[in-house]
Amino acid sequence: MTNGNPETQDVRTISNFLRDQIAEDVRTKKYGDAEVQTRFPPEPNGYLHIGHAKAICLDFGLADEFGGKTNLRFDDTNPEKEEQEYVDSIQADVRWLGFEWDRLCYASDYFGQLYEWALQLIKAGKAYVDDLTADEIRQHRGTLTEPGKDSPYRNRSVEENLDLFVRMKNGEFPDGSRVLRARIDMASPNLNMRDPVMYRILHATHHRTGDAWCIYPMYDYAHGQSDSIERVTHSMCTLEFTDHQPLYRWYIEQLGIFPSQQIEFDRLNLTYTLLSKRKLLQLVQEKHVSGWDDPRMPTLSGIRRRGFTPEAIRTFCAAIGASRTNGTTDIEMLEHFQRDDLNRRARRAMAVLRPLKLVIDNYPAGQEELFEVANNPEDPAAGMRQVPFTGEVYIEQDDFREVPPPKYYRLSPGKEVRLRGAYFVTAQSVVKDADGNIVEVHCTYDPASRGGSSPDGRKVKSTIHWVSTAHAISAEVRIYDKLFTKADPGDVEEGESFLSNLNPDSLEILNDAKLEPSLASAKVEERFQFERVGYFCLDRDSTAGKLVFNRTLPLKDSWAKIEKKAGG
RNA sequence: UGGGCGAUCGUCUAAUGGUAGGACAGUGCCCUUUGGAGGCACUUGUCUAGGUUCGAAUCCUAGUCGCCCAGCCA
C-alpha cells in the first residue's frame with residue numbers, strides 16, 4: 001500500500017493507545033475469534049477534509065494491521081442536510097486516499113431494524129412518545145448544574161406509546177409535533193442521558209429511502225446499533241462524542257445486541273487551516289474560494305487539485321499519531337511529508353515563472369544544442385531527457401541583480417554562474433527600458449564548460465535554471481499561499497469573523513511563465529518539480545493551447561531566509 | 001459554577017514503575033551541476049504542591065490550566 005521507504009515504515013509503527021487497545025482485545029479474545037471490524041462513518045453533508053483523512057487512516061489502517069476489515073458507512077439519518085453529491089465525492093475521496101472498504105453501508109439500510117428495536121424498547125417501558133415542543137423539551141432538560149424535570153408524558157402506557165409511535169411512523173402527525181424519547185434519567189449529570197430523543201418527525205425526502213419514512217432516528221439512536229449490526233468491534237470517533245458513550249452502551253445493553261465499543265481520539269487541528277464544515281461551506285457559498293476543490297481548501301478534493309499525494313497524506317497521518325490531547329499540528333509538518341514524497345518521485349523540469357531575457361553575446365548565431373539532463377536526480381530509474389539550448393534564454397528575474405546584496409550567489413555584472421546542465425556564463429551588461437527596468441541581460445559563455453563543468457576545475461557559486469526563448473512554451477501558473485494570515489484563523493477581534501483573517505494574497509496568477517518544451521505533454525494532475533522553484537501539477541483548467549499549473553508547495557528557500565534576516 | 005476528558009521540547013508524539021526518545025520547526029557546519037535533497041552536530045521538555053516507592057512522566061491526593069456537553073444536527 002505505501003512505498004517501502006524507511007521513514008514511512010518508522011512512522012507507521014509509532015504506537016498509540018488505539019492500536020494498544022485493539023492489540024489487547026485481540027490478545028484477550030474480547031470478541032472471541034471474530035476479526036477486527038471498524039467503520040468510517042461520514043455524514044454525506046459535505047466534502048471530506050484533511051481531518052477526515054486522519055480518521056480514515058486510523059479506521060482503515062488499524063483494521064488492516066490486525067487483518068480486519070473496514071466498512072464505509074454513510075450516517076445518513078438527517079435527510080435535510082444530505083445529498084447524493086456528497087455520497088459520491090466521499091467515495092471518490094476515500095478511494096483516492098488509497099483505501100478500499102469491505103462493505104458499503106448506509107445507516108438508512110437499518111431504518112427498518114431500528115424501528116423494530118424502538119417498538120421493543122417501548123414495550124419494555126424504556127421509551128415513550130413525548131408531545132412537548134422542542135422549546136419545552138429544552139426547558140425540561142435542566143442545565144449543566146440543575147437536574148431536568150420529567151415530561152408530563154413520560155408515564156404514558158405502553159399501549160398508548162405503541163399506538164402513537166406507529167401513527168408517527170404512518171405520517172399522521174406534522175413535523176415537530178411529537179418525538180420518541182428513551183426513558184432513562186432526567187437527573188443524570190450527563191445531559192445525553194436525560195431522556196434523549198430517539199426519533200423525530202420529518203416529512204422530508206431522503207436521498208436514498210425517498211418518502212418511505214417520515215420519522216428519522218437521531219445519531220445516538222442509530223450509530224451504536226448500526227455498529228452492532230455490522231459487528232463493528234472498534235468504533236473509533238472523535239473526542240466530542242465521549243459524553244455520548246454511556247448512551248451508546250445503554251442502547252446496546254437494553255437491546256442485548258452485539259457489543260460494539262466506542263473509542264475516542266482527538267480531532268486534527270492544523271495551523272492556518274479551518275476544518276469546520278460550516279465555515280468551509282461558507283467560504284464556498286460566499287465565493288471566497290472557487291469551490292470545494294479550490295486548491296486552497298483543506299478538503300481532500302482541494303489538496304488533491306493542489307497537487308498533494310495520497311501517500312504523503314497517509315504518511316503525515318501516521319506521523320502525527322493519535323492521542324486524547326487537544327493540540328494543533330503545525331501545517332509545516334504536512335508540508336514536510338509532501339515535499340519529502342514529491343522530492344523522491346516528481347519529475348524535474350525547468351520553468352521560469354517571472355522571465356528575464358538573457359542574451360549570450362558570444363554564442364554562435366543560429367546555433368542550437370540539446371543537453372541531456374536527469375529527470376530526477378533522486379531516482380536514476382526516472383531516466384534522462386533532452387532540453388534544447390540556444391543563445392537566448394529566459395532566466396528568473398530573481399536570479400539577476402544589478403547590485404548584488406551580500407551573500408547573493410546568483411548572476412550579477414561580472415559574476416559567473418552555471419546555466420543548469422549547459423554552460424558557465426558571465427554577466428556583462430544590462431538593457432533597460434525608459435523607466436529604468438532591466439529588460440535584458442547580456443552575458444558571455446565559456447564554450448569549454450559544455451555540460452556544466454569546466455575542465456580547469458573552476459567552481460561557480462550558483463546554478464540557475466533557464467528555458468530557451470525559441471523553444472519555450474508559455475503557461476499560466478497559479479501560485480497558492482495560505483488561505484489565512486493567522487495560525488489560528490478563528491482568532492479575531494471582537495465583532496469580526498474568521499473572514500477578516502483571509503489572506504488577500506493567497507492566490508497569485510502568473511500569466512506568462514516560460515516552460516521547457518517537454519512539459520507540453522504533461523497530463524492533468526501530473527506532478528513536477530520545477531527545479532529551484534517548487535512542486536507543481538497540471539490543473540484540469542488546462543486546454544490544448546494553454547497549460548495551467550498549480551503550485552503545490554515552494555521548495556525550501558534558504559536564500560529567502562538569508563535575505564529576510566538581512567532585511568529585517 | 002454539574003459532569004466528562006486531558007496536560008511530556010516552540011509543535012506533534014513515544015517511553016505501559018527502571019537511561020525522557022523520535023519527527024517537524026530552529027541554529028551551526030559539511031556536501032552539492034537545484035541556496036533543493038543529503039550528512040553531522042547543537043539547543044529546548046515531564047503543569048504545580050504533597051504522597052506511595054529502593055526508584056515516579058507513569059500510581060494516589062489536592063490544586064491549576066485547557067477542551068467538550070444544555071439540537072427534534074452529526
Side-chain angles (χ1 to χ4, degrees), chain A residues 7 10-11 14-17 20 41-43 45 75-78 80-82 130 132-134 137-139 141-148 175-181 188-194 196-202 216 218-220 222-223 237-246 264 266-268 271 277 319-337 339-340 343-344 348 350 373-374 377-378 407-410 418-422 451-453 459-465 529-534 554-562:
Chain A
E7 187 167 32
D10 277 350
V11 124
I14 291 173
S15 81
N16 69 51
F17 76 103
D20 294 348
E43 182 187 15
N45 69 342
D75 231 329
D76 55 349
T77 56
N78 184 358
E80 292 181 323
K81 290 189 174 175
E82 297 152 8
D130 197 341
L132 254 25
T133 65
I137 286 182
R138 187 181 330 114
Q139 281 155 18
R141 186 156 30 229
T143 67
L144 294 177
T145 52
E146 302 156 25
D175 287 4
S177 57
R178 288 178 227 267
V179 291
L180 182 71
R181 299 178 73 177
S188 171
N190 181 344
L191 295 266
N192 295 117
M193 300 299 275
R194 319 244 262 227
V197 172
M198 295 165 60
Y199 273 94
R200 74 280 213 187
I201 300 172
L202 238 39
Y216 290 92
M218 297 289 288
Y219 163 85
D220 284 305
H223 202 94
C237 64
T238 44
L239 244 24
E240 66 269 25
F241 290 100
T242 305
D243 288 343
H244 296 243
Q245 195 180 138
E264 311 87 9
D266 58 345
R267 186 181 267 283
L268 172 69
T271 57
K277 263 189 194 175
I320 58 173
S323 70
R324 292 175 69 88
T325 61
N326 270 302
T328 302
T329 300
D330 199 324
I331 188 77
E332 299 208 53
M333 185 91 80
L334 209 212
E335 295 177 350
H336 162 78
F337 287 106
R339 286 195 182 95
D340 189 55
N343 176 53
R344 277 194 295 264
R348 311 290 134 119
M350 290 198 283
V373 297
E378 299 290 315
K407 292 189 180 164
Y408 185 81
Y409 300 154
R410 283 114 93 147
R418 171 168 37 236
L419 293 181
R420 170 125 228 215
S453 55
K459 302 270 188 213
V460 289
K461 271 280 206 187
S462 176
T463 299
I464 65 176
H465 59 282
Q529 183 197 95
F530 289 175
E531 285 195 281
R532 302 209 309 132
V533 180
L555 247 32
K556 282 203 185 166
D557 188 348
S558 48
W559 165 241
K561 217 175 261 183
I562 293 167

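Quick caveat, the model's predicted, so the values are computed rather than measured. Letters A, B, ... mirror the listed sequences (proteins, then strands); counts begin at 1.
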*OP1 or OP2 of B:A74 sitting under 4.0 Å from any side-chain N/O of A:R200?*
yes

_Selected nucleotide, minimal atom distance to A:M218 side chain, candidates B:C72, B:U13, B:A25_ = B:C72

*Output the single nucleotide from B:G6, B:A74, B:G2 whose closest atom is nearest the side chain of A:P189.*
B:G2

_Heavy atoms only, 4.0 Å cut-off, all strands: where does A:E332 land among base, sugar-phosphate and nothing?_
sugar-phosphate

*C1' atom, B:C68 versus B:G18: distance in rounded Å?*
36 Å

*Would you say A:H336 reaches B:C24's phosphate, i.e. side-chain N/O to OP1/OP2 under 4.0 Å?*
yes

_Nearest to side-chain heavy atoms of A:N326, which nucleotide of B:G3, B:C67, B:C12_ = B:C67

*Are A:T325 and B:C5 close enough that a side-chain N or O sits under 4.0 Å from OP1 or OP2?*
no

_Work out how far the C1' atom of B:U11 is from that of B:U53, and round it to whole angstrom._
34 Å

*B:G36 OP1/OP2 closer than 4.0 Å to side-chain N/O of A:S558*: yes

_Strictly distance-based, threshold 3.5 Å: is any side-chain N or O of A:R194 a donor or acceptor partner for the main-chain N or O of A:R141?_
yes

*Cationic N near anionic O, under 4.0 Å, A:D557 to A:K561*: no

*Just call it for A:I137: base, sugar-phosphate, or nothing, with non-hydrogen atoms closer than 4.0 Å on any strand.*
base

*For A:R348 and B:A37, is the shortest distance between a side-chain N/O and OP1 or OP2 below 4.0 Å?*
no

_Should the side chain of A:Q529 and the base of B:U34 be counted as holding a donor-acceptor pair, with the cut-off at 3.5 Å?_
yes

*For A:R420, answer base if it contacts any base atom (sugar-phosphate contacts may also be present), sugar-phosphate if it contacts only those atoms, and nothing otherwise; contact means non-hydrogen atoms under 4.0 Å.*
base

*Can you tell me if A:S188 uses its side chain to pair, donor with acceptor, with the backbone of A:L191 under 3.5 Å?*
no

*Identify whether any heavy atom of A:D75 sits under 4.0 Å from a base atom; if not, whether one sits that close to sugar-phosphate; answer base, sugar-phosphate or nothing.*
sugar-phosphate

*At under 4.0 Å between heavy atoms, what does A:R410 touch on the DNA or RNA strands: base, sugar-phosphate, or nothing?*
base

*Answer yes or no: is there an ion pair linking A:E264 with A:R324, defined by an N-O contact shorter than 4.0 Å?*
yes

_Students often get this wrong, so: under 4.0 angstrom with heavy atoms, is A:N78 touching a base, only sugar-phosphate, or nothing?_
sugar-phosphate

*Starting at CG of A:D266 and ending at P of B:C5, how long is that distance when rounded to a whole Å?*
16 Å

*When we call it a touch if two heavy atoms are under 4.0 Å apart, what does A:A322 touch: a base, just sugar-phosphate, or nothing?*
sugar-phosphate

*When you measure from the side chain of A:P377, which nucleotide among B:C72, B:U16, B:U34 comes out closest?*
B:U34

*Have a look at A:Y408 and say if it touches a base, only the backbone sugar-phosphate, or nothing, with a 4.0 Å heavy-atom cut-off.*
base

_Integer-rounded Å distance: B:U32 C1' and A:L555 CG_ = 14 Å

*asked:* Using a heavy-atom cut-off of 4.0 Å across all strands, would you classify A:R418 as base, sugar-phosphate, or nothing?
replied: base

_Regarding A:H244, tell me which of base, sugar-phosphate or nothing describes its non-hydrogen contacts under 4.0 Å with the strands shown._
base

*Remember a base hit wins even if backbone is also touched, and classify A:L239 as base, sugar-phosphate or nothing at under 4.0 Å, heavy atoms.*
nothing

*asked:* For the aromatic rings, using the six-membered ring if either is Trp, is the centroid distance between A:Y409 and A:W559 under 6.0 Å?
replied: no

*Should A:K277 be listed as having a side-chain N or O under 4.0 Å from OP1 or OP2 of B:C73?*
no

*What nucleotide among B:U11, B:A23, B:G36 has an atom nearest to a side-chain atom of A:F337?*
B:A23

*Would you classify A:T143 as touching base, sugar-phosphate or nothing, given that sugar-phosphate means primed atoms plus P, OP1 and OP2, and contacts are heavy atoms under 4.0 Å?*
base

*Is the distance from OP1 or OP2 of B:A25 to the nearest side-chain N or O of A:K556 less than 4.0 Å?*
yes

_Let's see if you can work this out: which of B:C12, B:A14, B:C69 has an atom nearest to the side-chain heavy atoms of A:L144?_
B:C69

*Distance, C1' atom - from B:U46 to B:A57, rounded to whole angstrom*: 5 Å

*asked:* Is it the case that B:G36 (base atoms only) and A:R339 (side chain only) share a donor and an acceptor within less than 3.5 Å, ignoring hydrogens and angles?
replied: no

*Can you find a donor-acceptor pair, distance only, under 3.5 Å between A:E378 side chain and B:G36 base?*
yes

*If you check the A:I562 side chain, which of B:G35, B:A15, B:U11 turns out closest?*
B:G35

*For B:G28, is chi within 90° of 0 (syn) or not (anti)?*
anti

*Is any side-chain N or O of A:R532 closer than 4.0 Å to OP1 or OP2 of B:G35?*
yes

*Short side-chain N/O contact to B:U11 OP1/OP2 from A:T328, under 4.0 Å*: no

_Can you work out whether A:F17 or A:I464 has the more 5'-proximal nearest nucleotide on RNA chain B?_
A:F17

*Checking all strands, does A:T77 fall into the base, sugar-phosphate, or nothing category for heavy-atom contacts under 4.0 angstrom?*
sugar-phosphate

*Looking across every strand, which nucleic acid part, if any, lies under 4.0 Å from A:F241 by heavy atom: base, sugar-phosphate, or nothing?*
base

*Does A:R181 put a side-chain nitrogen or oxygen below 4.0 Å from OP1 or OP2 of B:G71?*
no

*Of all the choices, B:C72, B:C24, B:A14, which nucleotide is nearest to the side chain of A:A134 once you look at every atom?*
B:C72

*Sticking with atom C1', work out how far B:A74 lies from B:G55, rounded to a whole angstrom.*
48 Å

_Separation of B:C69 P from A:E264 CD (nearest whole Å)_ = 14 Å

*Among the candidates B:U16, B:C12, B:G35, find the nucleotide nearest to the side-chain atoms of A:T329.*
B:C12

_Closest listed nucleotide, where the reference is the side chain of A:W559 and the choices are B:A70, B:A14, B:G35_ = B:G35

_B:U1 and B:G51, which share atom name C1', separated by this distance in whole Å_ = 29 Å

*Between A:H465 and A:R420, is any side-chain donor less than 3.5 angstrom from a side-chain acceptor?*
no

